[in-house]
Amino acid sequence: MIKVEFAAGDTRWAVYETPLKQAFAKLNLDVDLQTRHAPQDVDYIVYAPGSDLQDFTPYTNAKAVLNLWAGVERIIGNETLTMPLCRMVDPGLTTAMVEWVCGHTLRYHLEIDKCLNTQNRWDPYVPPLAKDRPVTILGLGELGQACASALTGLGFPVTGWSRSKREVPGVTCHHGDQGMHDALANAQIVVLLLPDTPATQNLLNEQSLSNLPKGARILNPGRGPLIDDDALLAALDTGQIGHATLDVFRVEPLPLGHPYWTHPNVTVTPHIAAETRPSTAAEIIAENVRRGEAGLEFIYQVDRDRGY
Ligand code: NDP
Ligand code: OXD
């Protein structure tokens with residue numbers, strides 16, 4: 001029997017136990033799924049940041065750690081984790097991110113805030129069509145590509161930027177340092193969908209913010225450290241950046257008293273852009289257990305050198 005340890009916390013256990021058992025059964029995997037196996041017996045560990053499990057040393061026979069989150073910055077530096085680490089690529093999470101990004105892009109594009117604050121004024125405002133509103137997505141991975149395709153489908157001219165060269169139908173793709181400069185040059189709305197790695201921290205800084213057209217808007221559902229917060233606040237104050245919608249922060253929950261809470265041109269959402277969905281994520285976990293047992297390569301294995 002395959003022993004799978006669920007080490008993602010009690011709250012998640014309550015919602016993941018049944019979908020995981022169903023997903024294992026669907027693949028005919030004979031799994032003993034528990035929260036308290038003896039560590040040396042464990043074959044796979046289902047994990048989430050914030051878990052009580054921080055020392056992987058006793059899990060001497062574990063074949064993989066299967067993360068329920070897409071981002072791995074809170075686990076990748078754990079030196080006791082020597083077995084393969086797989087991140088989450090969940091169709092439910094991807095759909096949620098596409099909805100969040102499209103929704104907030106349309107809020108900016110249609111100037112929905114103006115409509116909500118008319119205060120009895122008849123003040124006709126005609127937004128441009130989407131085809132005249134360039135959007136740039138920094139990060140063209142699973143989520144960036146899905147969002148780029150959806151925004152292209154809505155008619156926005158989409159530009160994307162990644163570390164390596166990418167091709168996404170209908171999207172102008174750039175990569176590398178000069179590529180970022182080019183990707184930002186015309187962007188009226190910028191979406192950050194990069195992982196938090198040493199190479200991506202503070203990518204949006206005084207200089208890159210000044211590359212944007214005046215009044216550009218920022219959506220950050222990626223990670224807080226991608227942005228130099230002081231530089232963004234300064235750019236919001238001068239109007240270089242028109243508005244920012246931020247879902248992720250260096251410290252979460254965002255501390256009370258942080259200037260983002262009260263800045264008139266910032267919207268804070270509490271890291272809800274895209275939750276992992278148990279029913280679809282369970283199938284990804286089960287597929288990786290199946291692969292591990294069949295001696296196949298895991299899907300979505302993290303490359304520790306790249307950091308994502
Ligand atoms: P992927 O690993 O699939 O894609 C990451 C993208 O970022 C790739 O295109 C990659 O380039 C690019 N990238 C990485 N490093 C650099 C760099 N130094 N310079 C330029 N481009 C770089 O990740 P996902 O799309 O699945 O997820 C992205 C992030 O979204 C997650 O890491 C997480 O932080 C965040 N997230 C947030 C959620 C929320 O609710 N707010 C939910 C889920 C995820 P390349 O294509 O060349 O590899
Ligand atoms: C994730 C997240 O990385 O929720 O999955 O941010």
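Order of listing sets the numbers, starting from 1, for every ligand and every atom in it.
Using a 4.0 angstrom heavy-atom cutoff, Asp196 does not count as in contact with ligand 1. Under the 4.0 angstrom criterion for non-hydrogen atoms, Arg223 is in contact with ligand 2. Under the 4.0 angstrom criterion for non-hydrogen atoms, Trp100 is not in contact with ligand 1. Heavy-atom distances between Arg87 and ligand 1 reach below 4.0 Å in at least one pair. Heavy atoms of Thr197 come nearer than 4.0 angstrom to ligand 1 in no pair at all. The shortest heavy-atom distance from Val89 to ligand 1 is not under 4.0 Å.
Looking at Asp182 and Gln178, their side chains do bring a donor and an acceptor atom within 3.5 Å of each other. For the 3.5 Å distance criterion, the side chains of Tyr308 and Thr200 fail to qualify, holding no donor opposite an acceptor.
The aromatic rings of Phe156 and His109 sit perpendicular, their planes meeting at an angle over 60°, well past the 30° parallel limit.
Heavy atoms of Glu73 found under 4.0 angstrom from ligand 1: none, in either backbone or side chain. Only the side chain of His271 comes within 4.0 Å of ligand 2, judged by heavy-atom distances. For Glu73, no heavy-atom contact with ligand 2 is shorter than 4.0 Å.
For ligand 1, the atoms lying closer than 4.0 Å to a non-hydrogen atom of Met97 are 37 (C), 38 (C), 39 (C), 42 (C). Near Val248, meaning under 4.0 Å from any of its heavy atoms, are these atoms of ligand 1: 41 (N). For ligand 1 and Ala199, the ligand atoms under 4.0 Å from any heavy atom of the residue are 18 (N). Heavy-atom proximity to Ala70, at under 4.0 Å, picks out these atoms of ligand 1: 43 (C), 44 (C). For ligand 1, the atoms closer than 4.0 angstrom to any heavy atom of Pro221 are 35 (C), 36 (N), 37 (C), 38 (C), 39 (C), 41 (N). Ligand 2 places these atoms under 4.0 Å from at least one heavy atom of Gly71: 1 (C), 3 (O).
A salt bridge links Asp113 to Arg107: at least one charged side-chain nitrogen sits closer than 4.0 Å to a carboxylate oxygen. Note on Arg223 versus Glu73: salt bridge recorded, some NZ/NE/NH1/NH2 to OD/OE distance being below 4.0 Å. Note on Glu283 versus Lys26: salt bridge recorded, some NZ/NE/NH1/NH2 to OD/OE distance being below 4.0 Å. Using a cutoff of 4.0 Å between basic side-chain nitrogens and carboxylate oxygens, Lys63 and Asp43 are scored as salt-bridged. Between Arg12 and Glu275 there is no salt bridge, since none of the side-chain N atoms of the basic residue sits less than 4.0 Å from a carboxylate O of the acidic one.
Of the options Val158, Leu154, Leu219, a side chain to side chain contact (heavy atoms under 4.5 Å, CB included) to Thr105 is made by Leu219 and by none of the others.
Considering backbone and side-chain N/O of Glu275, none are found under 3.5 Å from N/O of ligand 1.
For atom 5 (O) of ligand 2, the closest non-hydrogen atom on the protein side is Ala70 N, 2.7 Å.
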